[in-house]
Colleague: 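Would you mind keeping the following structure in view while I ask a few things?
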There are 2 protein chains.
Amino acid sequence: MTESPAQHEPPIYRRIADSLRSQILSGELRDGDRLPGENALMSEYGIARATARQALAVLINEGLAVPRRGSGVYVRLFRPIRRHGSRRLSREQWGQGRAIWDSDTRGRAYTVDEVHIERLASTEDVGRVLDSDEVWVRRRRYSVDGRPVQLAASHFPADLVEGTAITLPDTGPGGVYARLGDLGYSPVHFTEEVRARMPAPNESELLRLPAGNPILIVARTAYTSGGIPVELNEMTMDAAAYVLQYDFDA
Amino acid sequence: MTESPAQHEPPIYRRIADSLRSQILSGELRDGDRLPGENALMSEYGIARATARQALAVLINEGLAVPRRGSGVYVRLFRPIRRHGSRRLSREQWGQGRAIWDSDTRGRAYTVDEVHIERLASTEDVGRVLDSDEVWVRRRRYSVDGRPVQLAASHFPADLVEGTAITLPDTGPGGVYARLGDLGYSPVHFTEEVRARMPAPNESELLRLPAGNPILIVARTAYTSGGIPVELNEMTMDAAAYVLQYDFDA
DNA sequence: CGGGGCAAGTTCTCTGGAGACGCTAACTCC
DNA sequence: GGAGTTAGCGTCTCCAGAGAACTTGCCCCG
């Protein structure tokens, strides 16, 4: 009946993970730095390889580190993208949000990498929401400091926007919502939906994430005041990033 | 120079995980069902225990399964909480969203478990946003089918709402935003921010989640049209759940 | 019939070892 | 000096085994 002196002490791998995490969050290890590898942890703590891997897996799973086969495990810390103060975008400025973000994120480069626009047959989900068999799809990829962090796919009912500037890569001043206003679909009301932690779809390749990496999906539907759906926007982002989603004035 | 016949075939543990996942998503295995355990996978596929564990870890990491020590690994599938059709809430109805959700989620019980209201000194973050040293905090826990899925903490500047119905557990018809309107802070404009996949804070205990379980945080600030911040709302939810976040008419 | 204790079953933690695969940098050769 | 090659390093996958911790159901006893 020897009382175990260390009751419910955290397991070894967790103590190591806690130690590494505190080094990351305290700033001792910075974004991009290389963590001690499996071999280093093995010799430092006198543990087996599997235990060292388990410790690193905790941080990788939390999104604080990224393993690179053949190279090492690296710190991956997103600083929050956050607008300071109380400046907000009017709905009309929504389409220009990028420019304002650029000037307001303290020098961090938040940019659009790629734009694709095409006309497609609706998928079942999109067709049900937009009540249309064909849609124009506008895909964009956003990057922060050169790292892709977000994909956006905007779907418009094809018959509603056919032949308008929405079907062009550059929508002009005021962006998409100004063009929708030109078509008489203004003001626009939004609904929002957050789907967290989807099993990773193929799209994650575009974010340069490994298959199976958890992602976050935010869907937004825009309606006219008459209740006609005019846009279905799906934003797919790395679930480990902190992202300022939007910020507008109604 | 023997050409490997199976180039880049997925590893064993991933093939097993894919098989189990498809059984879950196809409905063959349902929420609460028990998955084949480590021993079952070992004998079925002729693999080592570590490999079987790795396969199950994939599903656990994706949030599709939950291990219960001494018992087994169980399917944990949240059906989407989704309002059908195009019915939306007006801003005035926002405070009554719960009642409307209740009647509109096809019999799923989306309920408020607990409510706590107290007056506190502001934390640094809250104080900066609300520009107030003291705040009234209103905490609520939401459950779906008896499982806690979401925490909400609404912060109000103490000097603005002192003595009003907002400081009571039941805010009455129209909810918090009707009370803010009574105080002359109407209409209200929102900003939204999504912070994904935080390292789990202590709060996760209230969601009955293990420490380190990924959670999702959505923050919303409400401003008057004059730019005065009147509410900071932080929603903490299980990152594995699919949650309809909100749905309102501007 | 209720309660306590036991045993089987299951996950959790950890050890030790091995080959495969990918990245990087040093080296060699032109 | 530049280009191609190679060796070392580090992660990835998988094996075999063992004790600890926990849950559950069953049996026995009162």
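Residue numbers begin at 1 in each chain, while the letters A, B, ... track the order of the sequences. Values reported hereafter were calculated over all heavy atoms of this structure, with side chains retained and with hydrogens, waters and symmetry mates removed.
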Colleague: What is the minimum heavy-atom distance between S122(A) and E134(A), and which atoms define it?
Modeller: OG-N, 3.6 Å

Colleague: Find every protein N or O atom lying less than 3.5 Å from an N or O atom of nucleotides 25-27 of chain D, and list the pairs.
Modeller:
none

Colleague: Under 3.5 Å, is there a donor-acceptor pair between the side chain of H155(A) and the main chain of L232(A)?
Modeller: yes

Colleague: CG/L130(A) to CH2/W136(A) distance, rounded to the nearest 0.5 angstrom?
Modeller: 15.0 Å

Colleague: Protein-nucleotides 3-8 of chain D N/O pairs closer than 3.5 Å?
Modeller:
none

Colleague: Specify the closest pair of heavy atoms between R139(B) and A153(B), including all atoms of both residues, with the distance to one decimal.
Modeller: NH1-CB, 3.9 Å

Colleague: Hey, does V75(B) have a side-chain heavy atom less than 4.5 Å from the side chain of L64(B)?
Modeller: no

Colleague: Return a table of donor-acceptor pairs under 3.5 angstrom between the side chains of residues 49-56 of chain A and protein atoms on other chains or two or more places apart.
Modeller:
unit_1 : atom_1 : unit_2 : atom_2 : d
R49(A) : NE     : E38(A) : OE1    : 2.9
R49(A) : NH2    : N39(A) : OD1    : 2.5
R53(A) : NH1    : E38(A) : OE2    : 2.6

Colleague: Who pairs with S19(A) by side-chain contact (heavy atoms from CB on, under 4.5 Å), at least two apart in sequence or on another chain?
Modeller: Q23(A), Y45(A)

Colleague: What's the spacing between L41(A) CG and L20(A) CG if we round to 0.5 Å?
Modeller: 6.0 Å

Colleague: May I have the distance from R34(A) (atom CZ) to dC9(D) (atom P), rounded to whole angstrom?
Modeller: 12 Å

Colleague: If we ignore hydrogens and angles and just use 3.5 Å, is the side chain of R34(B) paired with the main-chain N or O of S71(B) as donor and acceptor?
Modeller: yes

Colleague: If I take atom OH from residue Y13(A) and atom CD1 from residue I47(A), how far apart are they, to the nearest 0.5 angstrom?
Modeller: 12.5 Å

Colleague: Polar atom pairs between nucleotides 14-20 of chain C and protein, under 3.5 Å, N or O only, would you list them?
Modeller:
unit_1  : atom_1 : unit_2 : atom_2 : d
dC14(C) : OP1    : I12(A) : N      : 2.5
dC14(C) : OP2    : Y13(A) : N      : 3.4
dT15(C) : OP2    : A48(A) : N      : 2.9
dT15(C) : OP2    : T51(A) : OG1    : 2.6

Colleague: Of the listed nucleotides (dT11(C), dT24(C), dT24(D)), which one gets closest to any side-chain atom of S71(A)?
Modeller: dT24(C)

Colleague: I need the residues from residues 35-44 of chain A with at least one non-hydrogen atom less than 4.0 Å from DNA chain C; give them sorted by number, or say none.
Modeller: none

Colleague: Is any side-chain N of the basic residue among R21(A) and D18(A) closer than 4.0 Å to the acidic one's carboxylate O?
Modeller: yes

Colleague: Can you find a pair of side-chain heavy atoms, one from L59(B) and one from V73(B), that are under 4.5 Å apart?
Modeller: no

Colleague: Atom CZ of R68(B) and atom P of dT10(C): how far apart are they, to the nearest Å?
Modeller: 14 Å

Colleague: Taking all non-hydrogen atoms of both residues, which atom of D33(A) and which atom of E28(A) are closest, and how far apart?
Modeller: OD2-O, 4.5 Å

